[in-house]
Protein chains: 2
Amino acid sequence: MQNLSKNQQIIFDLIDKSAEPLKAYAILFNVQKKGIKAPLQVYRALDKLVEIGKIHKIESRNAFIACQNSSCQVSKATAFSICEICEKVTEISSASLSKYLTNFKDKDGMKYSKYNLEFFGLCKKCR
Amino acid sequence: MQNLSKNQQIIFDLIDKSAEPLKAYAILFNVQKKGIKAPLQVYRALDKLVEIGKIHKIESRNAFIACQNSSCQVSKATAFSICEICEKVTEISSASLSKYLTNFKDKDGMKYSKYNLEFFGLCKKCR
DNA sequence: TAACACTATGTAATAATATAACATTTATAA
DNA sequence: TTATAAATGTTATATTATTACATAGTGTTA
Ligand SMILES: [Zn+2]
Ligand SMILES: [Zn+2]
Ligand SMILES: [Zn+2]
Ligand SMILES: [Zn+2]
């Protein structure tokens, strides 16, 4: 497990300590005081962090969240629950779910190398 | 099952006859000859078509595809396979998969009202 | 019919998200 | 050292999506 570069570390730290998923331009705004001035610097760090599984992208929200599993070396099998009211996002770590999806074969018998699953509903607090 | 409005029908027809998912501005370009001139007209029709399950949004691609199930009255339980080379997208209709996911409960016993699953890999042709 | 609610449309402006292109620097390793 | 890959800096631009406001159609019912 390689070390993060300067920009990667700054951006990871911000996402990691955030209670909710962060959007790229919210990140940019927050790290400008640390010398990261342009969108591309943010997107490059995000790309790398996603690639190595330290963060995941919530596709339906265009937002990024730190991995809550400490086991995602790569972002290749991800599942989240998303509250449609408060937008709280939780990474689901269910062995049976990941087993089911990793082994899933379509009707042609094809298996996939990667998946992303997003569940939507109301969180405990919002029901 | 209500009829589609004029703009909705134009845009649905285009997506439905397309071999691949279409992006909003590609749709806009294609329907300008039919009098739909502004992004908002496209997005409004897309929103409605998604709502009634005639099309689905492929979140990881920001693109729209016609429902291939003829059974999705609403876009609330969707699964797709996406080829990472040719970008071919297929809607998966597996009874066991949808049963598994619809009934999935997280560790708090919570069930969700909606999900979207995207599998990634290589299609037959690209392997 | 008239009044109402609801859905859809038209248009302009702008916001939000993401990438291209190019130059330079830093880290890693043969 | 020399080469290679990874990361950075900067400007400009492309792509995706929404706000705001005005207007028109559709169906219901008083
Ligand atoms: Zn994770
Ligand atoms: Zn909530
Ligand atoms: Zn469908
Ligand atoms: Zn393919």
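Naming convention: chains lettered A, B, ... in sequence-line order (proteins, then strands); numbering from 1 in each chain. Because only heavy atoms are used, hydrogens play no part in the values below, and waters and symmetry mates are left out as well, while side chains stay in.
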Is the centre of the B:Tyr112 ring less than 6.0 Å from the centre of the B:Phe104 ring?
no
Measuring from the side chain of B:Asn62 (C-beta onward, heavy atoms only), which nucleotide among D:dT8, C:dA18, D:dT16 has the closest atom?
D:dT16
In whole angstroms, how far is the P atom of D:dG25 from the CG atom of B:Asn3?
18 Å
Judged by modelled atom types alone, do A:Glu118 and A:Asn116 share a side-chain donor-acceptor pair under 3.5 Å?
yes
As a test of reading the structure: which of D:dG9, D:dA17, C:dA8 is closest to the side chain of B:Lys57, going by heavy atoms?
D:dA17
Selected nucleotide, minimal atom distance to A:Lys6 side chain, candidates D:dG9, C:dG10, C:dT17:
D:dG9
Short side-chain to backbone donor-acceptor contact, B:Asn30 and B:Ala26, under 3.5 Å
yes
If you only use heavy atoms from C-beta on, which nucleotide in C:dT11, D:dT8, D:dA17 is closest to the side chain of B:Gln41?
C:dT11
For the side chain of A:Asn7, starting at C-beta, report the closest nucleotide among C:dT19, D:dT16, D:dT8.
D:dT8
Rounded to the Å, how far apart are A:Ile58 CD1 and C:dT17 P?
15 Å
Against B:Glu59, only a single residue in B:Arg61, B:His56, B:Lys57 fulfils side chain to side chain contact (heavy atoms under 4.5 Å, CB included); can you say which?
B:Lys57
Counting only side-chain N and O atoms of A:Ser5, is one of them less than 4.0 Å from OP1 or OP2 of D:dA6?
no
Side chain of A:Leu40 (C-beta onward), nearest among D:dT11, C:dA12, C:dA18:
D:dT11
Would the base of C:dA15 count as contacting A:Tyr25 through its side chain, where contact means a donor and an acceptor less than 3.5 Å apart?
no
